[in-house]
Undergrad: 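Sharing a structure, written as structure tokens. Questions coming.
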Amino acid sequence: MNSNHNDTIIIGTGIAGLTAAAELSARGRKVLMLEKNDSTGGHVGQWSVCFPFGISGRELAESILPQSNANVSIRTRSTASAISTLPDGSLSVSCTDGTAHSARTVLLASGYGMFDARLKEELGYGIYPGVLTSEDIERQWQKGERPLAGHSNPRFAIVHCVGSRDLKCNIRHCSKVCCMVGVKMATEIRQRYPDSQVTNYYMDLRMFDNGYEELYHDAQLNYNVQFVRGRISEVAPTNDGRLYIRAEDTLLGKPLRDKVDALVLMIGMSAHEPLHVDGEPMNRSINGFVGTASPVQINLTATPGLFVAGAAKGPMNITEVLADARAAAAETDKYLSR
Ligand code: SF4
């Protein structure tokens with residue numbers, strides 16, 4: 001077992017984990033971060049532009065926790081598989097590579113998974129090259145790639161609520177940020193491809209946070225983005241290499257058909273499989289994300305010394321994650337001070 005006298009082990013190095021690590025470090029706590037991937041930053045770290053900050057996810061992650069911090073060490077390619085309570089009350093985190101690490105507290109900031117768009121077969125993801133997810137596009141832009149380069153007047157359709165609010169997939173929750181991401185992406189497409197046409201197909205538009213409604217108005221008034229309330233029911237390839245889509249405009253009660261060059265799916269957030277703690281799977285909330293000790297103890301779990309932060313608990317936007325991770329760090333620090 002590797003203890004190295006860490007006060008806290010943080011599982012996950014997305015923006016929740018990085019924020020909590022920066023806060024705990026500023027309070028003089030020694031932190032070990034475990035990251036299953038090769039690099040830090042989580043999902044947000046792969047985004048080309050984060051709204052409303054106007055910077056890339058990588059820049060945002062680095063502004064939260066600069067690369068070197070004497071109180072924080074990071075182990076990448078370390079996947080936590082289970083947590084157990086030791087006889088002295090501290091916690092041990094076992095990893096799939098056979099290592100184990102212990103500390104008085106553990107902060108779970110393992111974030112969320114993304115819905116597997118192949119499960120919505122009718123939308124053609126993984127079948128037709130023109131069908132992409134929101135994550136695919138962000139990654140490509142982040143790498144400086146330009147999908148559909150060379151097309152003149154490219155037409156894009158953006159589909160909201162893919163793998164969210166979908167009883168057929170047994171998913172009831174709203175992923176909360178993808179309306180904003182869909183509108184942001186529509187505006188960015190219009191900026192990157194000035195001769196493009198973009199239509200967003202939505203069920204409801206949930207633009208609830210600072211700047212979101214303004215973004216929506218801007219998309220319509222200044223970028224001529226079209227909005228159709230309706231679900232796309234069928235996607236098929238055309239002879240000229242485009243995509244035929246069939247939908248229904250539920251406001252007008254009319255069927256719609258269109259041809260587009262790219263279909264972008266706003267895939268929802270999904271819960272990870274629960275970690276086992278002391279041999280039992282962790283409590284889950286109604287939608288399968290990590291459950292908390294009580295409705296008001298929002299960063300505590302049922303296990304003493306084990307805390308939780310960020311979108312591991314359910315969909316959150318970046319601002320909410322930052323605030324929640326700071327609160328979780330404060331709770332962790334309070335526990336360590338006892
Ligand atoms: S935020 Fe919008 S796109 Fe995302 S699940 Fe909720 S309603 Fe659908």
Side-chain angles (χ1 to χ4, degrees), residues 14-15 42-44 46-47 49-53 57 111-120 122-125 131-138 156-189 198-220 223 225-233 235 245 247-251 256 260 262-272 285-289 310-321 324:
I15 55 168
H43 292 281
V44 169
Q46 299 176 26
W47 285 66
V49 180
C50 297
F51 185 83
F53 307 96
Y112 54 93
M114 298 303 299
F115 176 73
D116 180 356
R118 286 169 299 192
L119 297 174
K120 296 293 292 177
E122 67 273 25
L123 295 177
Y125 184 71
V131 184
L132 303 163
T133 67
S134 37
E135 283 226 318
D136 294 335
I137 291 259
E138 288 289 349
F156 291 79
I158 294 180
V159 190
H160 291 221
C161 296
V162 177
S164 305
R165 309 176 67 205
D166 187 339
L167 294 182
K168 278 193 198 156
C169 293
N170 199 25
I171 299 170
R172 287 181 295 171
H173 68 267
C174 166
S175 291
K176 206 170 173 180
V177 299
C178 22
C179 272
M180 173 275 289
V181 174
V183 179
K184 177 200 80 121
M185 200 164 268
T187 304
E188 279 184 276
I189 290 171
V198 186
T199 304
N200 285 47
Y201 290 84
Y202 67 94
M203 285 167 65
D204 305 295
L205 278 174
R206 299 186 170 176
M207 305 292 283
F208 64 94
D209 211 335
N210 278 341
Y212 286 23
E213 192 66 18
E214 294 84 345
L215 178 74
Y216 172 49
H217 282 278
D218 202 35
Q220 292 174 92
Y223 292 95
V225 175
Q226 304 299 305
F227 289 87
V228 171
R229 200 184 86 175
R231 267 195 185 261
I232 291 180
S233 56
V235 179
I245 58 175
E248 186 188 351
D249 186 325
T250 54
L251 282 181
L256 278 179
V260 297
L263 190 67
V264 185
L265 312 180
M266 293 295 119
I267 48 174
M269 299 182 190
S270 58
H272 289 307
S285 65
I286 189 169
N287 48 21
F289 290 83
K313 294 184 290 181
M316 289 185 188
N317 67 22
I318 293 174
T319 326
E320 290 169 327
V321 169
D324 191 65

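Atoms within each ligand, like the ligands themselves, are counted from 1 in listed order. Position 1 is the first residue of the sequence, and the numbers go up from there. Computed over heavy atoms, backbone and side chain alike; hydrogens, waters and symmetry mates excluded.
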Undergrad: To the nearest 0.5 Å, what is the distance between CD (Q226) and CD (Q220)?
TA: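 Atom-to-atom, Q226:CD and Q220:CD are 8.5 Å apart.
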Undergrad: Does any N or O in the side chain of H173 come within less than 3.5 Å of the main-chain N or O of G288, such that one atom is a donor and the other an acceptor?
TA: no
Undergrad: Excluding waters, which protein N, O or S atoms are within less than 2.8 Å of atom 8 (Fe) of ligand 1?
TA: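 Protein N, O or S atoms closer than 2.8 Å to atom 8 (Fe) of ligand 1: C161 SG.
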Undergrad: Report, in ascending order of atom number, the atoms of ligand 1 lying under 4.0 Å from any heavy atom of K176.
TA: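 Taking each heavy atom of K176 in turn, ligand 1 has 1 (S), 6 (Fe) under 4.0 Å.
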Undergrad: Counting distance only, does the side-chain N/O of E320 pair as donor-acceptor with the main-chain N or O of N317 below 3.5 Å?
TA: yes
Undergrad: Could you tell me whether K184 and E138 make a salt bridge, using a distance below 4.0 angstrom between a side-chain N and a carboxylate O?
TA: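 Result for this pair is yes, salt bridge flagged.
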Undergrad: Consider side chain to side chain contact (heavy atoms under 4.5 Å, CB included). Of D249, V228, I158, which one does Y201 pass it with?
TA: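 Among the candidates, only V228 passes.
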Undergrad: Distance from T250 atom OG1 to Y202 atom OH, nearest 0.5 Å?
TA: 7.5 Å
